[in-house]
2 protein chains.
Amino acid sequence: MVTIKDIAKKAEVSITTVSRALNNYYDVSEATKKKIIDIANEIGYVPNRSAQNLVKQKNNTLAIILSGLEKKGGKDNIIYRLLSGMYSYAESVNYEVVLYTTDSAHQRDKTYVQFCKEHNIGGAVLNGIKIDDPYFKELLQSDFPCVLIDILAQGKNVSSISINNYEAAIEATECLLKHNHKNIAMINGRREAQVSIERYKGYVEAMTKSNIELKSEYIVYADYMEDKAYEETIKLLSNHPEITALFCASDMMALGTIKAINKLNLRIPEDISIIGFDNIPLSEYMTPPLTTVDQDFYVMGEKAAKQLLKMIKKEAYEKNYILQHKLLERESVSML
Amino acid sequence: MVTIKDIAKKAEVSITTVSRALNNYYDVSEATKKKIIDIANEIGYVPNRSAQNLVKQKNNTLAIILSGLEKKGGKDNIIYRLLSGMYSYAESVNYEVVLYTTDSAHQRDKTYVQFCKEHNIGGAVLNGIKIDDPYFKELLQSDFPCVLIDILAQGKNVSSISINNYEAAIEATECLLKHNHKNIAMINGRREAQVSIERYKGYVEAMTKSNIELKSEYIVYADYMEDKAYEETIKLLSNHPEITALFCASDMMALGTIKAINKLNLRIPEDISIIGFDNIPLSEYMTPPLTTVDQDFYVMGEKAAKQLLKMIKKEAYEKNYILQHKLLERESVSML
DNA sequence: TTGTAAGCGTTATCAG
DNA sequence: CTGATAACGCTTACAA
C-alpha cells in the first residue's frame with residue numbers, strides 16, 4: 001500500500017507537507033505542491049478512507065435503510081428508482097451511499113442505530129419500514145438525521161417525503177366516479193400503513209362527496225401483495241357481483257386483481273374498471289394499459305438525499321416535503 | 001462517541017482486555033468478559049469500523065461496479081436481482097457491499113482501482129462494463145479479485161459467471177425452427193459485446209444445422225435498447241415482409257420489437273413469432289406472454305459473491321462458472 | 001513555508 | 001489471565 005509516508009520520503013519533505021499539498025491547502029509553495037502531486041500520481045497513491053474517516057470525526061456517507069432486498073421483489077422497480085435518485089444526488093455532493101436492510105439487521109442482530117454509528121453515517125433515508133419496528137423507533141429517538149419515505153415525520157431530527165396520498169386517492173376515485181361507477185371497491189394495502197390510511201381517507205372523501213353510501217365489505221386489505229390481491233379479489237367479486245370498479249392501492253396489487261378478473265372470465269374494462277397506484281414500469285404494458293397514479297420515485301430519492309444533506313448541515317428544511325403526483329389515464333377504466 | 005476506553009474505565013481494566021473480551025478471545029476470564037460485555041451494552045458501545053479497518057489491514061467489503069444507475073433504467077430488474085443475490089450471500093458471510101458506477105467514476109474522475117483501494121475492497125463484481133473501458137482494463141491488471149458477469153475471464157485474478165449463451169441461443173432458435181419458421185431474423189445487442197457474439201453464434205449454428213441459408217440483412221443490432229429495437233424492427237419488417245419470426249437478444253428489445261409489430265398492424269404470434277432473452281418480470285405479463293430464455297440473476301449475484309470470496313481467501317475457484325438457463329415457452333411463438 | 005508531535009479508535013505484540 | 005505500548009494512515013494544532 002502506498003501511503004503519504006512514501007510520498008514524503010520520495011519528495012524529501014514531511015508527511016505534514018504532503019497532507020497539506022494533497023488537500024490543497026493555501027500554505028504550501030506551488031513548487032513543492034506540484035512535486036508532491038506528481039510523485040503521488042507516479043507511485044499511484046490513493047488516500048485511505050478508513051484513516052481519513054477515523055481522524056476527521058465524520059464521514060461523507062448516507063445510509064438507505066430498506067425493508068429488504070427480496071429474491072422475488074423488485075418487480076415494481078421502486079427501490080431501484082429510489083436508490084438511483086439518491087445516488088445521483090449524493091454523488092453530486094461527494095457523498096457515498098450505503099445500504100442496509102431490515103433483514104440484515106435482524107439476521108445480524110444489529111440495530112439501525114448500531115449500523116449508523118459503526119459506519120459513522122451522516123443520516124439515513126428509510127423506506128418500507130414498519131412503524132412498529134423497534135429498531136426504527138430507536139433510530140428516530142437517536143439524533144441521526146432521518147428522512148422517511150411515505151411516513152409522516154415526528155421527532156426532532158426527522159423529516160419526511162411523499163406525495164399527497166389523500167388527494168391522489170380522491171382523484172383516482174373521482175376518475176371512477178366520473179365514468180359513472182358507483183359500486184367501487186378498494187383493494188387497500190396494510191391497515192396500519194400511513195399511506196394506506198391516507199388513500200382510504202381519499203376514497204371515502206370522494207365517495208361521500210358524491211353521496212354514495214360506503215360499504216365496509218367493499219374495502220379489503222391485501223398487504224400490497226400480488227397474490228393476496230388475487231385471492232381477495234376473487235372473494236370480493238364472487239360475493240359482490242354488483243361491483244363494477246376497483247381502486248387498487250398499488251399497481252402490484254392491481255396485477256393480482258387483473259389475474260383474478262381474468263380468472264373469473266370478466267373483461268377489463270368492459271365488465272370491471274380498474275385503477276392502480278404507483279405507475280410501475282409494468283403498468284403501461286398490461287392489457288389493457290393500466291390507469292394509475294404516477295409517483296416519481298427517482299425524484300423522491302433525489303429529494304430525500306437533498307433533504308438529508310440539509311439536515312446534516314443544520315440548514316433549514318421542510319419537515320414534510322410533498323411531491324407532485326399525476327393521474328395517468330390509460331385504458332383500464334371505461335364509462336359505465 | 002462511546003469507545004473501548006470508556007468501557008475500560010468503567011470496568012477498571014485496560015483497553016486491551018476490553019478489546020479481547022469484545023472479540024471473544026480465549027484468554028480472558030469469564031467473569032471479566034461478562035462484566036465488560038454488560039457495560040458495553042449498558043453504555044451503548046458500537047465498534048468504530050474505520051478504526052477497525054485501519055488497524056486490521058483488510059476490510060470485509062465487496063464492491064459491485066455497474067455501468068450506471070439510470071433514471072429510466074432498471075425496468076428489466078436485472079441490477080436489482082444481481083444486487084439482491086450478492087447482498088444475500090455477502091451478508092451470510094458477514095461482508096458488506098458497496099456500489100460504484102461508471103458514471104460516478106467518470107464524473108469524479110476516479111478509477112475503479114482507486115475506488116477499491118480507497119475503500120480497501122476485497123474484490124469486485126462487475127456488470128455491464130464495456131470491455132474497452134480503460135478503467136476496466138486497469139482493474140483487471142491490478143490484482144484485485146474480480147468476478148465478471150457475462151464476460152469471459154482473462155487475467156490472473158479474474159473469474160467470470162454467465163449462462164451458456166451459445167447453447168441458449170441455439171435452443172431459442174431451434175424453438176422457432178421447430179415451429180416451422182425459416183425466415184428468422186435476429187435483433188441482437190451490441191456488436192462488440194461477448195454475450196451478443198455468443199448468441200449470434202448460437203443462432204448461426206442452429207440455422208446452419210437446419211440447412212437454412214443465412215442472410216446478413218436478417219441480423220440487426222439495437223444496443224439492447226427498447227427504442228432502437230423498435231426502429232430497427234420497423235425497418236427490418238418493412239424491407240423483408242417474408243420474415244415470420246424474430247429472435248431478440250433481450251426482453252427489453254423484444255418490448256420495442258412488439259411495439260413495432262403492433263405499429264405495423266401485424267399480430268403476435270399469428271403473423272410474427274417472437275422469442276426473447278432474460279425473462280424480465282414484464283415478459284410474462286405481455287400480450288401474448290413472451291417466450292424467452294430465463295436467466296436467474298439473483299442466483300448469478302449470489303454465485304458471483306461466493307466466487308469472489310473464494311478468490312479473496314485464495315481458495316480454488318472456477319475460472320468461468322456456467323449457470324443453468326431455461327427456455328420458457330409461453331405464447332409468443334406459433335406454428336407456421 | 002515547513003516540520004514536530006499528538007491523536008482518532010482499534011488490534012496486536014510482548015512482557016509480566 | 002492481564003496490561004503497556006506500538007502501530008495502522010491520516011489530519012491538525014502548534015512551533016519554528
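In terms of phosphate contacts, T3(A) brings no side-chain nitrogen or oxygen within less than 4.0 Å of OP1 or OP2 of dG9(D).
Applying the side chain to side chain donor-acceptor pair (under 3.5 Å) test to E302(B) and every residue at least two apart in sequence or in another chain returns nothing. Looking at residues two or more places apart in sequence or on another chain, you find a side chain to side chain donor-acceptor pair (under 3.5 Å) between N24(A) and K33(A). Listed by chain and number, the residues in a ring-ring contact (aromatic ring centres under 6.0 Å, His included) with Y100(B) are F115(B) (sequence neighbours excluded). Qualifying side-chain contact (heavy atoms from CB on, under 4.5 Å) partners for K313(B), counting only residues two or more places apart in sequence or in other chains: L309(B), E315(B).
Rounded to a whole Å, the CD atom of Q57(B) is 14 Å from the C1' atom of dA6(D). To the nearest angstrom, P of dT12(D) lies 7 Å from NZ of K56(A). Residue I36(B) contributes atom CD1, which lies 12 Å from atom C1' of dG3(D) at whole-angstrom precision. Atom-to-atom, NZ of K33(B) to C1' of dT2(D) comes out at 14 Å; the value is rounded to the nearest Å. Per the geometry, NZ belonging to K5(B) stands 14 Å off C1' belonging to dA4(D), to the nearest Å. Rounding to whole angstrom units, CE of residue M1(A) and P of dC8(D) are separated by 11 Å. Atoms CD1 (I4(A)) and P (dT11(D)) sit 6 Å apart, rounded to a whole Å. Going from atom CG of N23(A) over to atom C1' of dT12(D) covers 11 Å, rounded to whole Å.
Under the 3.5 Å distance criterion, the side-chain polar atoms of D133(B) are matched with a main-chain donor or acceptor of Y135(B). Not one N or O on the side chain of T101(B) forms a donor-acceptor pair closer than 3.5 Å with the backbone of G68(B). In this structure, N320(B) contributes its side chain and A153(B) its backbone to a donor-acceptor pair below 3.5 Å.
Nucleic acid contact class of S29(B) (heavy atoms, under 4.0 Å, all strands): sugar-phosphate only.
Summary of the strand contacts: I15(B) and E30(B) both lie near DNA chain D, and taking for each the nucleotide with the nearest heavy atom, the more 5' one is attributed to E30(B).
A side-chain hydrogen bond (donor to acceptor under 3.5 Å, both in side chains) check over residues 113-125 of chain A, counting only residues at least two apart or in different chains, returns the pairs K110(A)-E118(A), E118(A)-R49(B), H119(A)-E96(B).
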Tabulated below should be each protein N or O lying under 3.5 Å from an N or O of nucleotides 14-16 of chain D; please produce it.
none

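Within residues 39-53 of chain B, no residue places a heavy atom under 4.0 Å from DNA chain D.
Annotation: K75(A), atom NZ; neighbour count of heavy atoms from other residues, nucleotides and ligands within 6.0 Å is above 12. More than 12 heavy atoms of other residues, nucleotides or ligands shown are found within 6.0 angstrom of CD on Q107(B).
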Output a table of donor-acceptor pairs, distance under 3.5 Å, between side-chain atoms of residues 77-87 of chain B and any protein atom two or more places apart or on a different chain; print 'none' if there are none.
| from | atom 1 | to | atom 2 | distance (Å) |
| --- | --- | --- | --- | --- |
| Y80(B) | OH | E70(A) | N | 3.2 |
| R81(B) | NE | N77(B) | O | 3.3 |
| R81(B) | NH2 | D76(B) | O | 3.3 |
| S84(B) | OG | Y80(B) | O | 2.7 |
| Y87(B) | OH | V97(B) | O | 3.2 |

Name every donor-acceptor pair, under 3.5 Å, that has one atom in a side chain of residues 1-12 of chain B and the other anywhere in the protein, sequence neighbours excluded.
| from | atom 1 | to | atom 2 | distance (Å) |
| --- | --- | --- | --- | --- |
| T3(B) | OG1 | K5(B) | N | 3.1 |
| D6(B) | OD2 | T3(B) | N | 2.8 |
| K10(B) | NZ | E42(B) | OE2 | 3.2 |

Check residues 136-152 of chain B and write down every donor-acceptor pair under 3.5 Å in which the side-chain atom is one partner and the other belongs to a residue at least two apart or another chain.
| from | atom 1 | to | atom 2 | distance (Å) |
| --- | --- | --- | --- | --- |
| E138(B) | OE1 | T111(B) | OG1 | 3.0 |
| S142(B) | OG | L139(B) | O | 2.6 |
| S142(B) | OG | F144(B) | N | 3.2 |

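Picking from dC10(D), dA13(D), dA4(D) the nucleotide with the shortest atom distance to the side chain of T16(B) gives dA4(D).
Interface limits on DNA chain C: the 5'-most and 3'-most nucleotides within less than 4.0 Å of chain A heavy atoms are dT1(C) to dG9(C).
Side-chain contact annotation: T17(B) with S14(B), donor-acceptor N/O pair under 3.5 Å present.
Comparing the local axis fitted to the first five base pairs of the helix from dT1(C)-dA16(D) to dG16(C)-dC1(D) with the one fitted to its last five gives a bend of 40°, rounded to 10°.
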